[in-house]
Amino acid sequence: MTNILLDVKNLQVTFNILRGQQTVKIHAVRDVSFSLQRGEILGIVGESGSGKSVCTSAITGLLPANANVSGQVFFDGTELIALSKGDKKNLNSLREFRGKKIGMIFQEPGRSFDPLQNMFSVFFETFRNSNKYITKEEATKKAIELLEETGIENAADRLQNFPHQFSGGQLQRIGIALSLAQNCELLIADEPTTALDVTIQSQIIDLLLSLQKNRGISIIFISHNIDLVAQISNKIIVMYGGLIMESAQAKKIQFDPQHPYTKALISASPVFGSHYSETPLKPIPGKVTDPANPEKGCPFFSRCPLVQKRKNNSQVFFSCDKTLPELKFISAKKIEENESLVRCSFI
């Protein structure tokens with residue numbers, strides 16, 4: 001039996017949108033492939049617009065009507081892209097995965113709740129998705145257990161509260177509890193700590209790690225913070241311009257990054273305890289690539305320090321401005337290390 005829970009193959013997502021009076025095609029995700037094993041944590045990092053959230057939303061078919069999706073997404077052997085494109089029967093089959101087998105939590109948790117629904121109503125509605133005959137007494141008991149598991153105190157009383165009566169951190173804990181309500185096997189966390197202060201961020205991370213250990217669930221964790229992702233993930237995917245630029249074990253990415261973009265992301269991250277006057281941040285120069293006009297070559301070409309270095313040294317021979325480099329294997333230096341995947345002509 002295979003240990004792979006999720007297998008994404010050649011995923012591509014484009015959007016048709018209006019710019020002025022013209023319809024343009026946005027290339028959000030471009031030929032992305034990766035796999036996730038049972039009980040594993042996969043981190044996905046990159047700047048805004050890199051394709052991180054679009055990639056994971058495509059897994060459960062949560063993209064808007066103007067999205068065009070191709071490729072394959074296998075969850076425990078079932079291909080989900082075909083279900084999302086099929087008839088009503090297929091869409092009903094897809095709902096057996098949404099929430100029940102694949103849970104999602106989002107950034108800015110306050111926007112995920114109906115201000116007119118108290119928490120019991122939210123949980124009761126969620127439970128009925130998998131068991132339409134559940135009683136209010138059974139739903140109350142299960143909701144209390146989930147809230148207590150995710151660290152909400154006085155859970156029985158707080159079920160009667162409305163969203164505005166909770167802090168952002170508490171709402172995120174409730175969002176996690178809701179995602180676990182139907183015993184999901186995969187939890188997709190889309191920047192779940194972005195709108196929270198540092199102390200609460202740490203608590204949410206500890207909670208996710210505890211759930212992963214105790215329940216054995218797999219997690220996809222999306223964030224801009226590459227250091228944070230490296231601390232909790234088994235492996236990391238670095239995305240830019242809708243492409244995977246590098247993929248490796250978390251420690252390999254953190255301490256021995258290969259791609260210039262990965263190195264730039266790490267250099268741009270603030271170091272705890274440092275002061276801006278002594279160790280100034282190193283922002284990535286230039287502009288983020290435009291997904292409506294993707295480059296023929298590497299999307300990071302115009303911002304790449306390796307390209308700039310060769311230009312300064314009058315070494316102008318490179319092909320990555322016109323030809324997209326392949327995502328290739330880089331052999332491990334040590335026996336205990338796994339191979340890395342890197343998309344760069346200079347490596």
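At distances below 3.5 Å, at least one donor-acceptor pair connects side-chain atoms of Glu246 with backbone N or O atoms of Gln258. A distance-only check finds a donor-acceptor pair linking the side chain of Gln170 to the backbone of Ser167 [under 3.5 Å]. Without hydrogens or angle criteria, His259 side chain to Arg343 main chain gives a donor-acceptor distance under 3.5 Å. Side-chain atoms of Glu326 do not come within 3.5 Å of backbone N or O of Leu324 as any donor-acceptor pair. Side-chain N or O atoms of Ser179 include one that pairs as donor or acceptor with a backbone N or O of Ile176 at under 3.5 Å. Side-chain atoms of Gln107 do not come within 3.5 Å of backbone N or O of Glu191 as any donor-acceptor pair. At distances below 3.5 Å, not a single donor-acceptor pair connects side-chain atoms of Lys252 with backbone N or O atoms of Pro257. Proximity of a side-chain donor or acceptor of Arg30 to a complementary backbone N or O of Leu243 within less than 3.5 Å is not detected. Formation of a donor-acceptor pair under 3.5 Å by the Lys52 side chain with backbone atoms of Gly242 is not found in this model. Panel note: side chain Thr135, backbone Glu138; a donor-acceptor pair is recorded below 3.5 Å.
At a cut-off of 3.5 Å, with distance as the only test, no side-chain donor of Gln231 or Gln254 sits close to an acceptor on the other residue. With 3.5 Å as the limit, one finds a donor-acceptor pair spanning the side chains of Asn3 and Gln37. Of the N and O atoms on the side chains of Gln165 and Arg158, not one donor lies less than 3.5 Å from an acceptor on the other residue. No donor-acceptor contact under 3.5 angstrom links the side chains of Gln182 and Thr126, judged on distance only. Neither side chain, Asn16 nor Thr23, offers a donor N or O lying under 3.5 Å from an acceptor on the other. Asn10 and Gln12 form no side-chain donor-acceptor contact under 3.5 Å, judged by distance and modelled atom types alone.
A cation-pi geometry, defined here as NZ or CZ lying under 6.0 Å from the six-membered ring centre and within 45° of its normal, does not hold between Lys251 and Phe255. Geometrically, Arg111 does not engage Phe106 in a cation-pi contact, judged by NZ or CZ lying under 6.0 Å from the ring centre and within 45° of the ring axis.
Taking the charged nitrogens against the carboxylate oxygens, Asp31 and Lys9 have no contact shorter than 4.0 Å, which rules out a salt bridge. Using a cut-off of 4.0 Å between Lys/Arg side-chain N and Asp/Glu carboxylate O, Arg19 and Asp290 are scored as salt-bridged. Using a cut-off of 4.0 Å between Lys/Arg side-chain N and Asp/Glu carboxylate O, Lys142 and Glu137 are scored as not salt-bridged. Taking the charged nitrogens against the carboxylate oxygens, Glu185 and Arg215 have no contact shorter than 4.0 Å, which rules out a salt bridge.
Ring orientation note: the planes of Tyr240 and Phe300 are nearly perpendicular, at an angle over 60° on the 30°/60° scale.
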Could you walk me through whether Arg303 and Glu47 pass the salt bridge (charged side-chain N to carboxylate O under 4.0 Å, His left out) test, one step at a time? CA-CA 13 Å; Arg303 309 171 75 188; Glu47 292 171 272; 3.1 Å; yes

Should Ser35 and Asp7 be marked as a side-chain hydrogen bond (donor to acceptor under 3.5 Å, both in side chains) after you check the CA-CA gap, both sets of side-chain angles, and the distance that decides it? CA-CA 4 Å; Ser35 62; Asp7 193 13; 4.9 Å; no

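Side chains of Pro163 and Met119 form a contact here, defined as non-hydrogen atoms less than 4.5 Å apart. Between Phe301 and Glu295, the closest side-chain pair of non-hydrogen atoms is not below 4.5 Å.
Contact between Ile226 and Thr262 at its shortest, heavy atoms only, is CD1-CG2, 4.1 Å.
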